[in-house]
Amino acid sequence: MITIVVGTNRKKAVSRKIAEIYQQLLENKHVESQLLDLSELPNDFIDTALYENTGKNASFNQFKELIESTEKFVFIVPEYNGSFPGVLKAFIDGLEYPSVMTNKKGALVGVSAGMQGGAIALSHMTDVLNYLGVHVLALKPKLANIYHHLKDGRLTNDLYQELLETQADQLIAF
Ligand SMILES: Cc1cc2nc3c(=O)[nH]c(=O)nc-3n(C[C@H](O)[C@H](O)[C@H](O)COP(=O)(O)O)c2cc1C
């Protein structure tokens, strides 16, 4: 089982569409996956699930359990202000420490409206995950200019699709 994390809570996020494309791609390879979409987090989780409230929000705990019960992850990471979204860091800060992700494996995909494809966001995210003991796959596709390469829920850029396919194969073998 691979958990695909949609790294933003923005409604109608493109990251969600990329996550669905990824899930289909894994299904075609007969690998089971589940989506963890941060837009489905309880709205008040910052007040009710972090720090002194760790473990107290039943709804947040369900998300935590998805992380705990999975060995491999794909993080779809949109570029927000030159980095990854704050809500993704807040979510990670709400997970148990020492990390429930230690020695697990992660693959990262960057998504941006601009031309960077989240390159720096992926770098920041890699630092955080490595700190938590997550082994991050070296191949990190950067889907830049995404609004020009997505139509009707499909990637129209063959290279982007190919990069996701290659990454998925590598993650399965990781
Ligand atoms: C708060 C915020 C900050 C953003 N900052 C950047 C940015 O620094 N560079 C960029 O290329 N796009 C930026 N974008 C656009 C996103 O990269 C774009 O919406 C893309 O579709 C991925 O985000 P999404 O999954 O929320 O759709 C930003 C979007 C938001 C909501």
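Ligands are counted one by one from 1 in listed order, and the atoms in each one are counted from 1 as well.
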Quiz prompt | I92 and M125: CA distance, side-chain angles, deciding distance, side-chain contact (heavy atoms from CB on, under 4.5 Å) verdict | solution = CA-CA 11 Å; I92 291 171; M125 187 63 186; 3.7 Å; yes

Quiz item: Run the side-chain contact (heavy atoms from CB on, under 4.5 Å) check on L95 and M101 step by step: do they pass?
Solution: CA-CA 9 Å; L95 301 176; M101 289 196 275; 3.9 Å; yes

Quiz prompt | Derivation and outcome, side-chain contact (heavy atoms from CB on, under 4.5 Å), residues K142 and V111 | solution = CA-CA 6 Å; K142 296 157 196 72; V111 185; over 6 Å; no

Practice problem: Any chance you could lay out the side-chain hydrogen bond (donor to acceptor under 3.5 Å, both in side chains) test for T48 and N53, step after step, and finish with the verdict? | Solution: CA-CA 6 Å; T48 59; N53 294 319; over 6 Å; no

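Using a 4.5 Å cut-off between side-chain heavy atoms of Ile, Leu, Val, Met, Phe, Trp and Tyr, with links allowed through other members, I2 and V6 fall into different hydrophobic clusters.
In this structure, the protein non-hydrogen atom closest to atom 25 (O) of ligand 1 is S15 OG, 2.6 Å. When only non-hydrogen protein atoms are considered, atom 11 (O) of ligand 1 lies nearest to G114 N, 2.7 Å. Considering only non-hydrogen protein atoms, atom 21 (O) of ligand 1 sits nearest to Y147 OH, 3.0 Å. Protein heavy atom nearest atom 5 (N) of ligand 1, with residue, atom name and distance: N81 N, 2.8 Å. Of the protein's non-hydrogen atoms, the one nearest atom 26 (O) of ligand 1 is Y80 OH, 2.5 Å. The protein non-hydrogen atom at the shortest distance from atom 22 (C) of ligand 1 is P78 CB, 3.6 Å.
Polar contact check, T8 against ligand 1: no nitrogen or oxygen pair lies under 3.5 Å apart. For A113, a nitrogen or oxygen atom sits less than 3.5 Å from a nitrogen or oxygen atom of ligand 1, counting backbone and side chain alike. Considering backbone and side-chain N/O of G82, one or more are found under 3.5 Å from N/O of ligand 1. Inclusion of A13 in the set of residues having an N or O under 3.5 Å from an N or O of ligand 1 is not warranted. Residue-to-ligand polar distances keep I146 apart from ligand 1: every N/O pair is separated by 3.5 Å or more.
Residue pairs meeting the salt bridge (charged side-chain N to carboxylate O under 4.0 Å, His left out) criterion with at least one partner in residues 159-174, sequence neighbours excluded, are K29-E165, K29-D169.
Ring planes of F91 and F63: perpendicular class, angle over 60° (limits at 30 and 60°).
For ligand 1, the atoms closer than 4.0 angstrom to any heavy atom of S112 are 11 (O), 17 (O).
With hydrogens and angles left out, the side-chain atoms of Q161 and N157 include no donor and acceptor closer than 3.5 Å.
The closest non-hydrogen atom to atom 7 (C) of ligand 1, taken over K17, K12, E79, K11, comes from E79.
The residues K64 and E68 are annotated as not salt-bridged, no charged nitrogen and carboxylate oxygen being separated by less than 4.0 angstrom.
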